[in-house]
Structures are given as C-alpha cells and as structure tokens.
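Keep in mind that the numbers below use all heavy atoms, side chains included, and drop hydrogens, waters and symmetry copies. Protein chains get the first letters and strands the later ones, always in sequence-line order, with residue 1 at the start of each.
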Amino acid sequence: MSKPKILVTAALPYANGHIHLGHLVEYLQTDIWVRFQKLTGRRCIYICADDTHGTAIMIRARQEGRPEEEWIAEMQAAHERDFAGFDIAFDNYGSTNSAENKILCDGIWGSLRQSGLIVEDDVEQLFDTVAGTFLADRFVKGTCPNCKAVDQYGDNCSACGATYAPTDLIDPVSTLSGSTPVKKTAKHLFVQLEQLHEFLDSWTQSGEHLQSEVANYLKGHFLGKPLRDWDVSRPAPYFGFEIPDSPGNYWYVWFDAPIGYIASTWQWCQKNGESLDDWWKSDDTEIHHFIGKDITYFHTLFWPGVLKTAGYSLPKFVHIHGFLTVDGEKMSKSKGTQISASTYLKHLDPAFLRYYYASKLGPRLDDIDLNLTEFANKVNSDLIGKVINLASRTARFIESVGLSKAYPEDGGLFREFADSGEKIAQAYDQLDYARATRLIMELADKANAYVENNAPWALKKDPERQQELQDVCTVVLNLFRQLCVYLTPILPRLSVQCGELLQSPIQSWSDSQTQLVGSPIAKFQHLMQRLLPEKVQMMIEESKPEVPAETAGAEQVAAPVSGPTSVPTDSGDALAAEPLAPTCTIEDFAKVDLRVARVIKAEEVPEARKLIKLTVSLGGDNVRTVFAGIKAAYTPEQLIGRLVVIVANLQPRQMKFGLSEGMVTAAGAGGTEVFLLGVDSGAVPGHRVH
RNA sequence: GGCGAUGUAGCUCAGUCGGUUAGAGCAACGGCUUCAUAAGCCGUGUGUCGGUGGUUCGAGUCCACUCAUCGCUACCA
C-alpha cells in the first residue's frame with residue numbers, strides 16, 4: 001500500500017505588512033519539509049494564501065483612501081514576490097478574499113448551525129461615531145480604571161498590569177478619530193466550543209497530533225475548565241464576508257482565515273483536475289499545518305473543532321515553531337534587526353538564510369536566534385569552505401576528460417555517504433534539520449580530508465598519473481553530488497547547479513545511491529559567492545528607520561504570524577501601472593544572463609532621440625557596445641565609470657546607429673523616469689546576477 | 001499572577017533507558033598544505049552542565065525548592 005499523500009500548509013500572512021525574516025522561519029521550515037517529501041517521491045502539495053480580512057485592513061485602506069481589494073492585492077503581490085525570492089515554492093498561493101473561500105465558509109457555517117453550536121448574545125463595545133465603526137481594544141485609549149494611569153490601551157494597563165474591558169476605561173478616546181466613543185450594544189454570534197470539549201480533550205492529548213509541550217499547554221490552560229464561547233462575528237462596518245443568515249454581521253477574520261487553507265487547496269484542485277474531497281475528506285491524505293506558537297489556540301482547539309463539525313479531515317499534525325530573535329534579542333525596528341525579506345534579498349543570497357535557519361531548526365518550539373556573526377561564519381565555512389569547495393578544487397582538473405569510466409576504489413566513502421542517507425532522511429522527516437545539516441557537514445569533512453590525502457594538485461603535475469587524477473576527482477565529485485542531493489531540500493539552486501556541472505540533474509533522494517561515471521562535466525563556474533560581513537551590516541543599516549518610530553496607533557497592528565510588522569508603506573501606483581507578468585520558473589529566469597558591467601564610454605548619438613551609445617566592459621577584454629534608451633534621464637558624463645546591470649546574452653540587435661550587443665536594465669515608467677539598476681559595493685564587472 | 005518552555009565551553013547547540021576522564025560546529029591559538037571563493041588538513045578545551053538541597057552504589061540526565069531568560073495568557077490581529 002502506498003503512503004498517504006501529504007497536504008502541507010504554512011500560516012497565512014496577514015495582508016497588513018511585509019514579510020520579514022521572522023516570518024521566513026516558518027515558510028522555509030515548511031518549504032524544506034515539502035521539498036524533502038517530494039524528493040523522496042511522496043505526493044505532497046504546499047498550500048498557502050494571504051489573510052486579507054479584518055478591522056486592521058479596513059482601517060488601513062481607509063487611511064490610504066482606496067478600496068480594501070486594491071490594498072490587499074498589492075500586499076499579496078509583494079508577499080508572493082518575497083516568497084519567490086527565497087525559493088519558497090507553493091503549489092498554490094490563494095487569498096482568503098476569494099470566491100472559493102466564501103462558498104466554503106457558507107458550507108462550514110451551515111454545519112456549525114446544524115450542529116447547534118452557534119448562539120447569539122449581545123456585546124457592549126465602544127463605538128466611534130465619527131469613524132462609524134466599533135473599536136477593537138487596541139483602537140481605544142484612556143485612563144486605567146484601576147491605577148488611573150493615563151493613555152492606556154483598551155485591554156490592559158501597562159502601568160499596573162490590570163486587565164479590563166475597553167468600556168471600563170475612564171475618558172476613552174478613539175485612536176482612529178480622536179473622538180470620544182460611545183457604548184453601543186450589538187448582536188454577536190458565538191461558537192459554543194464547550195460542546196466539543198470531550199473531542200478536543202482526546203484529540204489534543206492523544207500524543208499523535210501535537211508536540212508534547214503544546215499538549216501540556218492546552219491541557220493546563222484551556223482544557224481544565226469549560227471552554228469559552230468564541231465570538232466569530234463582527235457588526236458592520238467590517239471588511240470580510242457577510243454572514244448569510246445574519247445580515248449586517250460579518251465573520252471575524254479568524255473564522256475565515258483557516259478556511260482559506262481549504263479554499264486555496266480547492267483552487268489548486270481546479271487547476272490540476274483534482275477533487276477537493278480527495279485532499280480534505282480522505283483518509284488517504286495527511287494534513288500537516290505549520291504555525292508559530294502565537295497562534296496555537298486557533299489551530300489546535302478552534303480549527304479541529306470546526307473541521308470535525310463540518311466533516312473535514314483533521315490535521316495529522318500541527319507543527320509549531322518558536323520565534324526568531326536577532327543577536328539574542330527580539331527583532332527591533334530601531335536597531336535594524338527587523339529585516340524585511342526584500343531588504344535581505346537586496347544584499348544577500350537567499351541560500352544563506354535557508355541554510356542558516358536549517359542548521360538551527362529542530363522539531364521543538366524553541367526560539368531560534370539569528371546571530372549575525374555566526375551567520376556569516378557558518379555560511380562561509382560550511383557552504384563555501386566545505387561543500388562548494390569540493391567541486392571548485394576538483395572539477396577544473398578534469399574539465400576536458402570528464403569522469404572516469406569506472407568508479408574508482410575510494411576506501412568505502414561513497415558507500416558510507418550513501419548509507420548516511422537514511423539517517424539524514426529521518427532527520428528531515430522529523431523536522432530536525434539541525435541534525436540533518438550536522439550529519440551532512442560531517443560527510444563534507446570526510447570528503448575534504450579525502451582530497452587532502454590524495455592531493456590531486458600533485459597528481460596533476462605528473463604526466464604518468466593522469467588516470468589517478470581523474471579517479472580522485474571522480475570520487476570527489478560523486479561525493480559532492482551526494483551532498484548536493486542531501487542538501488536539495490534546503491538549497492534547491494545548488495542542487496540544480498550541481499546537476500548542470502555534472503550534466504545529470506538531481507531528481508530524487510535516491511540519486512545519492514547511484515554513482516556517476518564516464519560522463520562529461522561542464523566548465524566549472526562559481527556556484528555561490530561568499531557572504532561578505534559588510535553586506536550584513538548594510539542590510540541592518542537599511543533596515544533602520546529613517547525617522548523615529550511612530551508612536552503607537554492604528555499603524556501598529558500585529559500580523560497573524562509572529563513578530564511586529566510595521567514597515568514603511570509604499571503606494572501601489574507603480575505596480576498598478578504595470579501589473580505583474582505571468583509566473584516564470586527559475587529555469588526561465590536562468591536563461592536570462594544578467595551581468596554587472598562597467599560603463600567605460602558613453603556617447604551622444606546626435607541623430608537619435610532617445611539613445612545613448614554605451615561601451616561597457618564585463619571585465620578583461622570583454623567589451624561591448626550597447627544602445628540604451630536613457631537619453632532623457634541621463635547625460636553621458638553621468639554614466640562613465642559607473643556599474644550597471646546588463647542582459648548579457650540578449651541576441652544582438654542591429655539598430656539604425658549600430659549593433660547593440662546587450663541591454664542595460666533600468667526601472668521606472670520611461671522618459672525622464674528611468675532609473676538604472678546599480679549594485680552594492682563589492683560587485684565587479686562580470687558578476688552574474690542570480 | 002497563572003501556565004508552557006529554556007538555562008551545558010567565548011558564540012550556537014548535541015547529550016538517547018541516570019553509568020566509566022561531558023561532546024560538535026563556529027570563533028581563538030599553533031603547525032602543515034596551496035588544488036580551491038585567504039578555501040583545506042592536523043593539533044590544542046582547567047566548562048563548579050544557572051543555584052541549593054534530595055533520591056541513588058552512581059545525576060548534566062530523576063525529585064523539590066530557587067534564580068534568570070523567553071513565550072503564551074482567547075472576543076487582539
């Protein structure tokens with residue numbers, strides 16, 4: 001009997017902020033696991049979506065003066081771009097604001113109604129008559145009813161620690177409008193979770209679905225007493241889905257958010273001719289949720305309760321991870337340690353972070369620390385010094401002859417590497433990536449020692465020993481390939497590069513068991529650049545706020561995934577003006593060879609209206625002529641000497657004024673709005689852009 | 001306050017059912033090597049395993065207390 005297929009979800013990022021390195025712990029942990037499962041031949045899909053509803057989005061859109069839909073579309077595009085930048089490969093990335101989600105919410109709501117779980121009750125809340133909306137706790141400030149401290153939020157007092165309802169605040173003020181809110185009663189709908197108490201007790205405590213500390217936490221914190229009713233509705237105005245049988249009321253964002261997992265799966269099913277029931281109502285599918293520890297409650301009590309009631313499969317496992325700290329402290333905007341995904345990508349290779357996180361991630365809820373010094377050391381030492389170095393110190397020796405015809409005697413190394421596959425696979429499967437990387441690096445050490453003991457550089461000098469040289473390099477490159485197979489879930493790009501170098505793509509975990517002999521190898525080129533510590537510093541500097549952090553207010557609403565998220569807000573005009581192109585694969589992108597080049601000459605072309613004739617150097621003798629349509633934005637003098645990024649393998653084009661042998665990349669709308677792409681210091685002509 | 005966790009070498013962490021002189025990687029130091037992206041190899045660790053007390057022939061490993069750190073504490077998203 002074949003193993004069940006696997007459906008994996010990561011928490012839905014909230015459409016109110018950008019992805020930062022804290023969020024990425026989860027998406028990378030999940031991506032690595034999915035890639036591992038796929039590599040071993042398991043049928044597995046990775047599902048995610050943007051979480052788009054709620055008061056915070058509504059308020060934000062109002063502040064921006066545009067429709068919520070526009071705002072969330074823009075955020076979603078940014079999220080997807082960030083994920084793609086880190087090689088996080090979702091099978092489907094949906095949105096909770098989708099037609100599919102609405103239909104599913106309706107159905108699940110019907111089940112809850114039918115099961116008699118829904119009750120109505122009046123809730124008194126503060127209402128902002130100016131903004132015309134009920135106020136969530138964080139949108140109200142006032143004087144603490146207990147200690148009389150002023151300027152406290154609606155839920156608890158930072159001075160005395162008292163907790164209270166916002167309606168208890170003395171002299172409350174709405175942070176939205178500055179007006180004095182009034183008390184107003186509205187009807188809310190509740191889910192009586194207590195009716196499912198017995199089921200939740202056994203599901204959470206079975207030891208099969210949760211980490212033990214999570215089960216303990218739930219037992220101690222919630223399950224020891226009656227479960228409270230869960231308020232799942234919000235009165236208008238609210239950005240979300242209106243409840244069909246309760247007009248004027250909307251589902252609370254946390255009701256429809258997890259249903260987004262199903263909705264996104266449904267979209268995937270539609271695209272791939274699959275049946276949703278095969279994935280969400282079948283014993284032949286294991287559902288695995290990956291979440292941060294801050295949203296444990298929703299995924300381990302409420303969500304199983306909903307699934308159970310509505311007749312969907314329960315999660316096989318909810319994997320919960322800890323938070324990210326940077327240099328041992330909470331991420332801090334002012335210290336520049338709250339680093340956005342896009343800022344990271346401007347400076348550093350995503351492979352670095354993928355590897356570093358992997359090397360620190362275990363199966364438990366401990367927080368993981370991004371120690372910036374260790375980050376640079378470890379990445380350089382492990383990836384460049386140990387693994388990649390194996391290829392770069394041997395491949396060149398046998399570029400012309402390829403691999404030996406028969407696999408040489410290697411003292412059992414290949415066998416040993418192959419046999420380690422099982423242990424490494426087990427570590428991956430158990431989410432113990434730290435162990436997996438440790439095991440892989442142990443092997444890399446052995447491979448390097450083999451190089452040392454067999455000194456191919458000495459063999460090279462002796463014409464009598466060329467066969468030996470080829471044999472030694474064949475062994476090392478085979479070991480290198482085994483390491484690449486084992487690292488594929490973490491470093492998919494390296495895996496592809498290894499396939500190109502040895503002209504045999506890595507397609508399966510079992511590739512680590514087969515020897516490559518008698519085949520040619522490609523000309524060696526660097527597989528990865530070293531991590532320069534100064535780039536880390538630049539990244540931190542760029543992450544620091546330019547102005548002091550704004551005081552608390554509507555801007556600072558937490559995202560559903562760990563960590564604070566307020567970041568500068570850019571307008572969506574540029575994106576709207578030119579919508580995203582259809583998705584391209586990494587292979588598509590790899591066809592375009594972008595190179596850093598230096599402008600060594602720039603000349604006016606008198607007859608041309610838009611063109612400047614550039615002579616650019618890729619280093620050495622490699623000089624070419626490029627015509628660029630940037631006359632309105634730049635003068636030739638401004639260009640000489642600077643570094644640009646060019647498309648270096650573009651088919652040359654005969655233009656009126658001469659042959660253009662490439663294209664200079666630039667952003668902007670055109671005309672005077674043209675901004676050449678530059679590179680951070682450190683790059684030199686000839687560097688490829690990856 | 002309650003609850004869940006964590007506290008082992010300068011840093012990040014392993015230490016399985018309690019059992020001989022407590023381990024790894026990084027960093028540091030010494031030597032070797034030069035094929036490689038100043039990469040590699042060999043060698044070097046006097047750590048009261050947060051503290052106190054207890055159980056035991058024996059505890060980093062179990063128990064109690066204690067200190068420190070982190071997180072959660074549902075109508076916040």
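- Residue pairs that meet the salt bridge (Lys or Arg N to Asp or Glu O under 4.0 Å) test with at least one member in residues 379-389 of chain A, sequence neighbours left out, are A:D382-A:K386, A:K386-A:D445.
- For A:R688, the salt bridge (Lys or Arg N to Asp or Glu O under 4.0 Å) test picks out A:D593, with sequence neighbours left out.
- Between the P atoms of B:rG51 and B:rA59, the separation comes to 15 Å (whole Å).
- Taking the C1' atoms as reference points, B:rC17 lies 36 Å from B:rU73, given to the whole Å.
- Residues A:Q29 and A:Y433 have side chains that never bring a donor and an acceptor to within less than 3.5 angstrom of each other.
- Going from atom CZ of A:F190 over to atom CD1 of A:I118 covers 11.0 Å, rounded to the nearest 0.5 Å.
- Across all strands, A:I384 comes closer than 4.0 Å to base atoms (heavy-atom distances).
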Check against salt bridge (charged side-chain N to carboxylate O under 4.0 Å, His left out), A:E452 and A:R393
CA-CA 10 Å; A:E452 197 69 20; A:R393 65 195 306 206; 3.5 Å; yes

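- Pairs of Watson-Crick or G-U wobble type, with distances under 3.5 Å, assemble into runs of 3 or more in RNA chain B at these ranges: B:1-7 with B:67-73, B:10-13 with B:23-26, B:28-32 with B:40-44, B:50-54 with B:62-66.
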Protein-nucleotides 23-25 of chain B N/O pairs closer than 3.5 Å?
| unit_1 | atom_1 | unit_2 | atom_2 | d |
| --- | --- | --- | --- | --- |
| B:rG25 | O3' | A:K386 | NZ | 3.4 |

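- Applying the side-chain hydrogen bond (donor to acceptor under 3.5 Å, both in side chains) test to A:H347 and every residue at least two apart in sequence or in another chain returns A:E542, A:D680.
- Closest approach to the A:K360 side chain among B:rU12, B:rU37, B:rC35 is made by B:rU12 (side chain taken as heavy atoms from C-beta onward).
- At a threshold of 4.0 angstrom between heavy atoms, the contacts of A:G385 are confined to the sugar-phosphate backbone, with no base atom among them.
- Positionally, the nearest nucleotide of RNA chain B for A:T373 lies more toward the 5' end than for the other of A:T373 and A:S392.
- Between the CG atom of A:L135 and the C1' atom of B:rC75 there is a distance of 15 Å, rounded to whole Å.
- Taking the P atom of each, B:rA9 and B:rA22 are spaced 14 Å apart, rounded to whole Å.
- A sub-4.0 Å separation between OP1 or OP2 of B:rA5 and a side-chain N or O of A:R364 is absent.
- Nearest-nucleotide positions on RNA chain B place A:N448 closer to the 5' end than the other of A:N448 and A:D231.
- Side-chain contact, A:D128 with A:S174: a donor N or O sits under 3.5 Å from an acceptor N or O.
- Within a heavy-atom distance below 4.0 Å of RNA chain B, the residues of residues 453-469 of chain A found are A:W457, A:K461.
- Every salt bridge (Lys or Arg N to Asp or Glu O under 4.0 Å) that A:E120 has, sequence neighbours left out, goes to A:K187.
- Between the P atom of B:rC76 and the CZ atom of A:F134 lies a distance of 12 Å, rounded to the nearest Å.
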Side chains of residues 521-537 of chain A: which donor-acceptor partners sit under 3.5 Å, not counting sequence neighbours?
| unit_1 | atom_1 | unit_2 | atom_2 | d |
| --- | --- | --- | --- | --- |
| A:Q537 | NE2 | A:E541 | OE2 | 3.4 |

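- Protein atom CD1 of A:I398 is 15 Å distant from nucleotide atom P of B:rA36, rounded to whole Å.
- Taking the side-chain hydrogen bond (donor to acceptor under 3.5 Å, both in side chains) definition, one finds that A:Q76 meets it with A:E80, sequence neighbours left out.
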Protein heavy-atom contacts under 4.0 Å, written 5' to 3' over nucleotides 67-74 of chain B as B (base), S (sugar-phosphate only) or - (none), form the string ---SSSSB

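- As judged by a 4.0 angstrom heavy-atom cut-off over every strand, A:N389 is placed among the base-contacting residues.
- For the pair A:Q525 CD and B:rA36 C1', the interatomic distance rounds to 16 Å; values are reported in whole Å.
- Salt bridge annotation for A:K360-A:E374: present, with a cationic side-chain nitrogen under 4.0 angstrom from a carboxylate oxygen.
- The residue A:R396 sits close only to the backbone: its heavy atoms come under 4.0 Å of sugar-phosphate atoms, none of a base.
- Each of A:W230, A:Y261, A:F255 was scored for a ring-ring contact (aromatic ring centres under 6.0 Å, His included) with A:F298, with one residue passing: A:W230.
- When the ring pair (Phe, Tyr, Trp, His ring centres under 6.0 Å) test is applied to A:F480, no partner is found at least two apart in sequence or on another chain.
- For the OP1/OP2 pair of B:rA77 and a distance below 4.0 Å, the side-chain nitrogens and oxygens of A:Y252 include at least one atom meeting the criterion.
- Nucleotide B:rA36 holds its C1' atom 10 Å from the CG atom of A:L390, rounded to whole Å.
- Look at the P atom in both B:rA5 and B:rU44: the space between them is 40 Å, to the nearest Å.
- Using C1' as the reference atom, B:rG53 and B:rC42 are 46 Å apart when rounded to the nearest Å.
- Rounded to whole Å, the distance from OH on A:Y238 to C1' on B:rC75 is 11 Å.
- Note that A:K183 lies outside the cation-pi zone of A:F127, set by a 6.0 Å cut-off to the ring centre and a 45° limit from the axis.
- Among the protein residues, A:L527 comes within range of the nucleic acid bases, having at least one heavy atom under 4.0 Å from a base atom.
- Atom CG in A:L372 sits roughly 12 Å away from atom P in B:rU12 (whole-Å rounding).
- B:rG10 sits 22 Å from B:rU6 when the P atoms are compared, rounded to a whole Å.
- Taking atom C1' on both B:rC26 and B:rA14, the two are 14 Å apart, rounded to the nearest angstrom.
- Taking atom C1' on both B:rG50 and B:rG7, the two are 6 Å apart, rounded to the nearest angstrom.
- A search for side-chain hydrogen bond (donor to acceptor under 3.5 Å, both in side chains) contacts involving A:H289 returns A:T9, A:W303, not counting sequence neighbours.
- A:W251 places its CH2 atom 17 Å from the P atom of B:rA77, with the value rounded to the nearest Å.
- No engagement by A:M441 is indicated, since no non-hydrogen atom pair under 4.0 Å with the nucleic acid exists.
- Side-chain proximity of A:H526 to the nucleotides B:rC26, B:rU37, B:rC35 is greatest for B:rU37.
- Using a 30° and 60° split on the angle between ring planes, A:H319 and A:F290 fall in the parallel class, below 30°.
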